[in-house]
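Starting from 1, each residue takes its place in the sequence as its number. Treat the numbers as computed from the prediction; the structure is a model and nothing was measured.
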Amino acid sequence: MSKRKVFVTVGTTSFDDLIVAILSPETLEALASKGYNYLSLQIGKSFLKPDCTPRHGIDHIEYFHLSSSIENHMQAADLVISHAGAGSILEALEARKGLIVVINHFLMGNHQLELARRLYKDKHLYCCTCDTLSSTIQTMELLTLKPFIFNGNKNIVSYLNRVIGFE
């Protein structure tokens, strides 16, 4: 059986609620129902020790804390599930990966939420919370997402500035 890989990233901080949500039976079953069977978790500065026992249709679960680059992990993934950090979002979009961005409610009122919602509205990614992650996976149709076209750093900065409200 071929590996259909999901890469989860929380960036350089910790977002334990996302890791717990990913490893819930409902989310693992939702991923398996979509044909995913390999899960790689980048857990940042978390003190969690994720249970890597294969279960609920997922044949392989692994985790690591931090890496100097997550590019290889994203390139190897069929689906990326990310925190709402601009760097992680743009890296996944640039790699043209199906992307689900999970909002951290503890960071409400910041630019991350605005960026994720705008990119969701423009149909470049799916956006959810930890509570709605499994239902988002169940209903997602990755082929309906529009590629985010990168036309150089100046355009990306301009786009981010508009989304955040600096322009």
Which atom of L66 lies closest to which atom of G44, heavy atoms considered: CD2-CA, 3.6 Å
Residue pair L119 / L93, side-chain heavy-atom distance below 4.5 Å: yes
message: Under a 3.5 Å distance rule, please check whether H65 uses its side chain to pair with a backbone N or O of I43 as donor and acceptor.
response: no
Shortest non-hydrogen contact between H73 and S67, atoms and distance: NE2-OG, 4.3 Å
message: Do Y36 and Y38 sit in one hydrophobic cluster, given that two such residues count as connected whenever their side-chain heavy atoms are within less than 4.5 Å of each other, even indirectly?
response: no
List, one per line, each side-chain donor-acceptor pair under 3.5 Å for residues 14-25, sequence neighbours excluded.
unit_1 : atom_1 : unit_2 : atom_2 : d
D16    : OD1    : S46    : OG     : 2.6
S24    : OG     : A21    : O      : 2.9
S24    : OG     : E26    : OE1    : 3.4
S24    : OG     : T27    : N      : 3.2
S24    : OG     : T27    : OG1    : 3.1

Between CD1 on residue I81 and CZ on residue F7, distance to nearest 0.5 Å: 11.0 Å
task: Hey, can you tell me if H124 and F148 have their rings parallel, tilted or perpendicular (30° and 60° cut-offs)?
output: perpendicular
message: Can you see whether T129 engages D131 through a side-chain donor-acceptor pair at a distance of less than 3.5 angstrom?
response: no
- line: All heavy atoms of S88 vs all of S82, minimum pair found to be CB-OG, 3.3 Å
- request: Verify side chain to side chain contact (heavy atoms under 4.5 Å, CB included) between I61 and R55, making sure each step is shown before the conclusion.
  value: CA-CA 9 Å; I61 302 172; R55 59 194 183 279; 3.6 Å; yes
field: CA sep, side-chain torsions, deciding dist, call: Y126, E141, side chain to side chain contact (heavy atoms under 4.5 Å, CB included)
entry: CA-CA 9 Å; Y126 285 95; E141 295 291 336; 3.9 Å; yes
query: Can you name the closest pair of heavy atoms from E62 and K5 and give their distance?
result: OE2-NZ, 4.3 Å
query: Atom CD in E91, atom OG in S69: separation rounded to 0.5 Å?
result: 6.0 Å
task: Output the distance between atom CZ (R117) and atom CG (L115), rounded to the nearest 0.5 Å.
output: 12.0 Å
task: Indicate the atoms forming the closest heavy-atom contact of C128 with I100, along with that distance.
output: SG-CG2, 3.7 Å
Rounded distance [0.5 Å steps], CG in L125 versus CZ in R118: 12.0 Å
query: Can you tell me if Q42 uses its side chain to pair, donor with acceptor, with the backbone of G11 under 3.5 Å?
result: yes
- prompt: Does S40 reach the side chain of F64, with side-chain heavy atoms less than 4.5 Å apart?
  reply: yes
field: Exercise: identify the closest heavy-atom pair between K146 and D122
entry: CD-O, 3.8 Å
message: I'd like to know if the side chain of N37 and the backbone of K3 have a donor-acceptor N/O pair within less than 3.5 Å.
response: no
Evaluation steps, side chain to side chain contact (heavy atoms under 4.5 Å, CB included), between K34 and I137: CA-CA 8 Å; K34 291 287 188 168; I137 292 167; 4.2 Å; yes
field: side chain to side chain contact (heavy atoms under 4.5 Å, CB included) evaluation trace for L28 with L39
entry: CA-CA 9 Å; L28 294 176; L39 184 59; 3.8 Å; yes
